[in-house]
Amino acid sequence: MTEKIDARPGADEPTDLPPPIISPDSVPDSMWRIRWALFRRSFAHNWKLFRANRVGLVGLAIIGFFALLAIAPTVLFATGIWNSAVYDPVVGLEPNPPVKVMTVVNEITDPETQIDFRHVLLDNRIPNNIQVGEQVEIPQQPAPPDRRHWLGTDPLGRDVLSQLMHGARAAFFLGILAAVVTVIIATTVGSISAYFGGALDSFFMRLADLLIMIPFLAILIVIGAIFEFKLWHLAVVIGLLSGFGGVAIVLKSQALAVKVKPFVDAARVAGGSNAHIIFTHIVPNVMPLSFLYMMFTVTSAIQGEAALSFLGLLNVRISWGLMIQLANTQGYLLQGLRYWWLLFPAGLAVTLISAAFFLVGRAMDEVVNPRLRKR
Amino acid sequence: MTRYVVRRLAQMVLLFVVFLTVTWFLLYALPGDIVKQKFAMNPNIPPEARQVAIERLGLDKPVLIQFRDYMINFFQLDFGLSFNQYPRKVSDIIAERLPRTIVLFLTALVSYYYAGFLAGKYLAWRRGKRGEMAVTIGGVGLYTVFYPWFALMAIWLFAAELGWLPISKFLNPDEWRNAPFTANQVFIRLFVTVLAVSIFMALVVLLANRIRDHRPRALAKVGGVALGALLFVWYWWGTAGGALMRPYAGDIAEHLILPVAVLTAVNFAGIMLLTRSSMLETMREDFILTARAKGLSERAVRDKHAARTALLPVTTSLVLAVATVIDGGILTETVFSWPGMGEVLVTSVSNEDIPLALASFSFIGVMALVGHFLVDILYGVLDPRIRVGG
């Protein structure tokens with residue numbers, strides 16, 4: 001903490017000046033207390049502003065709901081309510097699916113090919129040598145919701161609710177990692193290029209221009225072709241793309257506005273080093289805006305992941321995009337409402353959580369940007 | 001203005017070269033890249049054949065020479081042969097697919113910009129009234145909806161369940177069996193006529209805006225639009241060539257409706273929300289108060305004073321949205337099996353057809369750059385500060 005208040009001229013050079021008058025042990029404590037009080041006051045104020053916007057609260061509630069969903073499987077598996085052999089999102093299998101009893105009425109022989117369909121293994125769930133008049137039990141998979149599987153099972157007999165919960169976990173992991181990477185990079189790049197200007201600024205801004213212009217999904221598709229993509233790779237790539245891209249430009253313009261404030265001049269006159277000014281004066285003032293862009297990055301990361309999984313270009317255990325891909329490639333998506341539990345949970349989850357983060361972002365926008373507030 | 005345009009153009013070309021360089025090195029020059037895995041190091045190919053493949057692909061040359069050759073060939077529009085559709089030239093595939101994507105892209109860009117701006121304008125003006133919340137939530141829902149899912153739901157509803165529109169693909173092969181034209185001939189004819197008519201209409205409306213009196217202005221606008229529509233009808237129904245092609249053009253147009261509608265529905269909400277906030281900022285300005293105090297009608301204040309100013313940030317956002325629309329286009333094409341650039345990119349990438357993948361990715365990049373360039377010019381026209389400064 002000492003270096004933050006150490007504003008003597010030439011403080012960052014190794015000198016043989018006398019020790020600081022204020023003892024380093026006593027100051028941080030009170031500084032922290034002041035900071036904490038300031039933080040609490042501004043947080044209470046901002047929370048009041050945020051709360052005024054009901055749409056933002058709706059978004060927070062949705063995020064909370066999905067957070068609960070993401071935590072739920074851990075609890076359910078630990079307490080033994082769910083057995084992992086049945087409820088695992090990837091390798092789980094419902095051993096006793098509902099069956100449909102059917103009677104074989106006819107021998108089916110295709111007149112053209114002379115293939116006797118009785119002896120053709122149509123489906124490994126149907127016994128091979130069945131006779132006319134016998135009854136067969138055909139397991140119904142995907143099964144509609146019942147007491148054991150609240151959202152039914154998918155075509156492979158896995159629990160949809162469990163997949164949804166694990167998908168929520170993947171979405172949070174991906175979104176938050178991507179957002180953190182974005183914000184760290186964008187804040188640093190934005191502040192540095194605003195503070196130093198010149199060639200550094202030009203370089204970062206041209207890079208941002210390039211990244212903005214190239215369609216995001218197209219890049220991800222091409223990178224997905226070259227590398228084996230895991231979830232956290234994707235998160236880091238999305239973070240890099242948006243961190244060096246559009247977010248950096250926005251944060252740079254904010255940093256430019258901060259740079260000309262009197263306290264930055266004061267810090268410089270007092271002998272603060274460049275790093276000191278950037279990280280203790282500029283970055284904290286850019287932070288509110290970067291939190292805002294964190295929300296929007298989460299949205300685009302989740303959407304990007306779902307799209308890539310949908311195209312089958314992602315090596316991921318389970319995610320909402322993968323659930324939709326499975327339902328689509330197996331042809332359940334165009335069967336209409338008959339298989340609604342394959343249609344709606346994943347699609348709505350992606351939409352709802354993206355909308356929730358977006359709404360929270362918009363509500364935060366009104367807090368950060370006073371010009372947007374109600375007349 | 002000319003200097004501004006020339007400078008932007010030069011920047012665009014430079015950016016494109018950088019973009020192409022990075023992509024080339026990613027796809028061709030990375031250790032263990034796909035081309036080498038597929039041919040140079042594939043043990044299933046006999047050694048002689050492997051040697052031939054290496055020589056024909058130029059893999060034995062130094063990387064920089066390969067890169068130079070690729071760049072020279074690229075700017076001569078020779079992108080090599082496709083691996084998966086072997087004897088076909090990549091440039092032929094691109095030439096066939098590019099117009100189809102441009103149509104999707106242009107329609108979506110224009111319709112979503114216009115519809116979003118109109119909707120946002122009214123939404124901001126009705127701030128705090130009933131329905132605003134519902135429209136906002138609906139808009140956010142559309143803006144963040146998971147795109148492929150939404151498109152598939154639309155296909156299910158309008159194509160499978162109601163049967164109003166074809167399910168997917170570009171045309172109905174049954175009707176084309178004895179067609180005297182190729183699909184692309186018809187499609188390009190259709191595209192050119194629609195484009196010409198819409199440019200004509202836009203020009204008439206722009207020119208009509210210069211008329212000061214209200215009545216003649218409205219008359220000129222309606223007349224111009226009607227004349228444009230009439231010209232279109234005359235071409236496709238009146239002339240011999242048009243009448244012959246019409247059933248085929250109709251088939252393609254029918255297949256076009258759903259993708260364009262879905263693409264527009266998803267994209268327009270973003271511009272609507274943005275126009276709304278931009279309008280809200282503008283409405284706090286003093287000149288709006290002045291305009292009201294002068295006794296202008298609400299409509300004049302809204303359309304002439306607030307909306308004109310609010311248009312600028314919205315146009316800036318269009319710069320960012322070009323890439324988003326192209327992304328939406330890739331998903332649209334995949335979901336609707338619309339044989340355009342996005343579909344080519346996805347299939348070639350999943351089939352490791354590298355020459356095709358690189359060329360289609362570059363052309364998607366070119367589309368994005370040209371889109372940006374056009375939006376930049378538009379922005380320069382709208383904002384005199386940029387024109388003078390440039």
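Values reported hereafter were calculated over all heavy atoms of this structure, with side chains retained and with hydrogens, waters and symmetry mates removed.
- There is no contact between A:Leu352 and chain B, counting heavy-atom distances below 4.5 Å.
- Checking side-chain atoms of A:Thr351 against main-chain N and O of B:Phe146 turns up a donor-acceptor pair under 3.5 Å.
- With a 4.5 angstrom heavy-atom cutoff, B:Met153 touches chain A only via side-chain atoms.
- When side chains are defined from C-beta on, A:Asn328 does not count as touching B:Trp149, because their heavy atoms never get closer than 4.5 Å.
- A 4.5 Å side-chain heavy-atom check between B:Pro148 and A:Ile324 finds every atom pair outside the cut-off.
- Only the side chain of B:Tyr143 has a heavy atom closer than 4.5 Å to any heavy atom of chain A.
- Between B:Ile364 and A:Pro215, the closest heavy-atom pair is CG2-CG, 3.6 Å.
- Interface remark: A:Ile302 contributes no atoms to any contact with chain B (heavy atom separation under 4.5 Å).
- Within a 6.0 Å radius of CZ in B:Phe373, more than 12 heavy atoms belonging to other residues, nucleotides or ligands are found.
- Heavy atoms of A:Phe216 lying under 4.5 Å from chain B belong to its backbone as well as its side chain.
- Residues B:Leu15 and A:Arg206 fail the side-chain proximity criterion, which asks for heavy atoms closer than 4.5 Å.
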Before you tell me yes or no, could you show the steps for B:Val349 and A:Leu313 under side chain to side chain contact (heavy atoms under 4.5 Å, CB included), namely the whole-Å CA-CA distance, both residues' side-chain angles and the distance that decides it to 0.1 Å? CA-CA 9 Å; B:Val349 157; A:Leu313 292 171; 4.2 Å; yes
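- Here the closest heavy-atom approach between residue A:Arg362 and residue B:Leu273 is recorded as NH1-CB, 3.7 Å.
- Among B:Val18, B:Thr23, B:Leu345, B:Leu157, the residue making the largest number of heavy-atom pairs under 4.5 Å with chain A is B:Leu345.
- Neither the backbone nor the side chain of A:Ile353 comes within contact range of chain B; no heavy atom of the residue lies under 4.5 Å from a heavy atom of that chain.
- Between B:Tyr147 and A:Val350, every side-chain heavy-atom pair lies at or beyond the 4.5 Å cut-off.
- Rounding to the nearest 0.5 Å gives a distance of 12.0 Å between CZ of A:Phe357 and OG1 of B:Thr144.
- Sparse packing is recorded around CZ of A:Phe203, with 12 or fewer heavy atoms of other residues, nucleotides or ligands lying under 6.0 Å away.
- For a residue to count as touching a neighbouring chain, one of its non-hydrogen atoms must lie under 4.5 Å from one of that chain's; by this rule B:Leu152 touches chain A with backbone and side chain alike.
- Using a 4.5 Å cut-off between heavy atoms, B:Met341 does not touch chain A at all.
- Inter-residue side-chain proximity for A:Leu311 and B:Thr334 is flagged as met; some heavy-atom pair is nearer than 4.5 Å.
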